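Structure below; questions to follow.
Chain letters run A, B, ... following the sequence lines, proteins first, then strands; residues in each count from 1. These numbers were taken from a predicted model, which means no experiment stands behind them.
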There are 2 protein chains.
Amino acid sequence: MTSPYQVLPIGYVESPLADREAAPKQGIEGAPEAWLVFDPEYAEAMRDLAVDDEVYVLTWLHQADRGVLVVHPRGDPRNPETGVFSTRSPDRPNPIGLHRVRILAIEGTRVRVRDLEAIDGTPLVDVKPVLDGGR
Amino acid sequence: MTSPYQVLPIGYVESPLADREAAPKQGIEGAPEAWLVFDPEYAEAMRDLAVDDEVYVLTWLHQADRGVLVVHPRGDPRNPETGVFSTRSPDRPNPIGLHRVRILAIEGTRVRVRDLEAIDGTPLVDVKPVLDGGR
């Protein structure tokens, strides 16, 4: 196996969601609006984001347990244990969150989005456009 | 800014695509079939993947230039310079590839997929199910 790679946060999430217990399992299940707060050194990289764009936000779920390989989906013990690569559990070997959101407003290097289920302070890792066909 | 986080490869891509020049810009533009080769220590995490599943594969694009903040989309100088967070350029601060693929076959910890544009030897970082609504 090759040596590890380092993720450098490009900013962080500012959200009224204070902890994992308060966060919905998926953004479309009632997540509040939130801000993506980019570090100013990445201003050029985010300069072409626009209101109404639909984008993928990748986060580093910094409170995750990276040793977890199987979970009861949605934390419900009635659901049979399932390998984490078949779930969206935050607990997984590389706890990268994948969130599809819509941009509501932009103020400098702050980007307001809806449907982001990440908690306040979650590091931002990347932003990518949603391509034609929803990919 | 918080300290960096380490990505630990969970396996690698086995593909006939030998280098970046040979790879299509997107998987739906003619990428060949490829294998996801999981490290055996993650066998439990991938045990519930199934043929015909559509999943997101996250990779670490290890040949990327992480200092790039703007690019000419698709490498074409006629396209105006664009911030990388509005593109799928592999060159970006955290070079995580996001690939939506379909599972064709599973042999132990080897998973055959179609439409994967990553080159041979690309480290695997994560696999997630595509949710209802294509998210």
Identify the two heavy atoms, one from B:Asp126 and one from A:Asn94, that lie closest to each other, and give their separation to 0.1 Å.
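Heavy-atom minimum between the residues: OD2-O, 3.7 Å.
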
At a heavy-atom separation under 4.5 Å, does A:Ile96 approach chain B through its side chain, its backbone, both, or neither?
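Both parts, heavy atoms under 4.5 Å.
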
Same cluster (ILVMFWY, side-chain, under 4.5 Å), A:Val71 and B:Phe38:
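Yes.
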
Residue selection (most heavy-atom pairs with chain A, distance under 4.5 Å) from B:His62, B:Met46, B:Arg92, B:Glu44:
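Ranked by heavy-atom pairs under 4.5 Å with chain A, first place is B:Arg92.
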
With a 4.5 angstrom heavy-atom cut-off, could you sort out which part of B:Leu49 is near chain A: side chain, backbone, both or neither?
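For B:Leu49, the contact with chain A is made by backbone and side chain together.
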
Answer yes or no: are there more than 12 heavy-atom neighbours, outside B:Arg110 itself, under 6.0 Å from its atom CZ?
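Buried by this count: over 12 neighbours within 6.0 Å.
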
Between A:Leu17 and A:Leu58, is there shared hydrophobic-cluster membership here, with clusters defined by ILVMFWY side-chain heavy atoms closer than 4.5 Å?
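The answer is no; the residues belong to distinct hydrophobic clusters.
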
Please say yes or no: joined through hydrophobic side-chain contacts below 4.5 Å, possibly via intermediate residues, are A:Ile119 and A:Val37 part of one cluster?
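In one cluster with A:Ile119: A:Val37, no.
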
Side-chain heavy atoms of B:Ile10 within contact of A:Phe85, under 4.5 Å
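The answer is yes; the side chains approach within 4.5 Å.
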
Hey, does A:Val7 have a side-chain heavy atom less than 4.5 Å from the side chain of B:Trp60?
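Yes, at least one pair of side-chain atoms sits under 4.5 Å.
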
Would you say B:Val68 ends up clustered with B:Leu61 if hydrophobic residues are merged whenever their side chains have heavy atoms under 4.5 Å apart, either directly or through other cluster members?
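Hydrophobic grouping puts B:Leu61 apart from B:Val68.
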
Flag side-chain contact, heavy atom, 4.5 Å: A:Arg47 against B:Val70:
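A side-chain contact exists here, since the closest heavy-atom pair is under 4.5 Å.
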
So, B:Asp48 side chain and A:Ser86 main chain: donor-acceptor pair closer than 3.5 Å or not?
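No; judged by distance alone, with no hydrogens or angles, the pair does not exist.
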
Close side-chain approach of A:Arg66 and B:Leu8, heavy atoms under 4.5 Å:
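The answer is yes, as the side chains (C-beta and beyond) meet within the 4.5 Å cut-off.
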
Does any backbone or side-chain atom of B:Glu41 lie under 4.5 Å from a heavy atom of chain A? Answer side chain, backbone, both or neither.
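Contact with chain A involves the backbone of B:Glu41 alone.
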
Donor on one side chain, acceptor on other, A:Tyr5 and B:Tyr5, under 3.5 Å:
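There is no such pair between these side chains.
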
Heavy-atom donor-acceptor pair, A:Arg88 side chain to B:Lys128 backbone, under 3.5 Å:
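No, A:Arg88 side chain to B:Lys128 backbone: no donor-acceptor pair under 3.5 Å.
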
Heavy-atom distance under 4.5 Å to chain A: side chain of B:Val125, backbone, both or neither?
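When you check distances to chain A, atoms from both the backbone and side chain of B:Val125 fall under 4.5 Å.
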
Checking heavy atoms, do the side chain of B:Thr87, its backbone, both or neither come under 4.5 Å from chain A?
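The backbone, not the side chain.
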
From B:Leu131 atom CG to A:Arg100 atom CZ, the distance as rounded to the nearest 0.5 Å:
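Between B:Leu131 CG and A:Arg100 CZ, I get 10.5 Å after rounding to 0.5 Å.
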
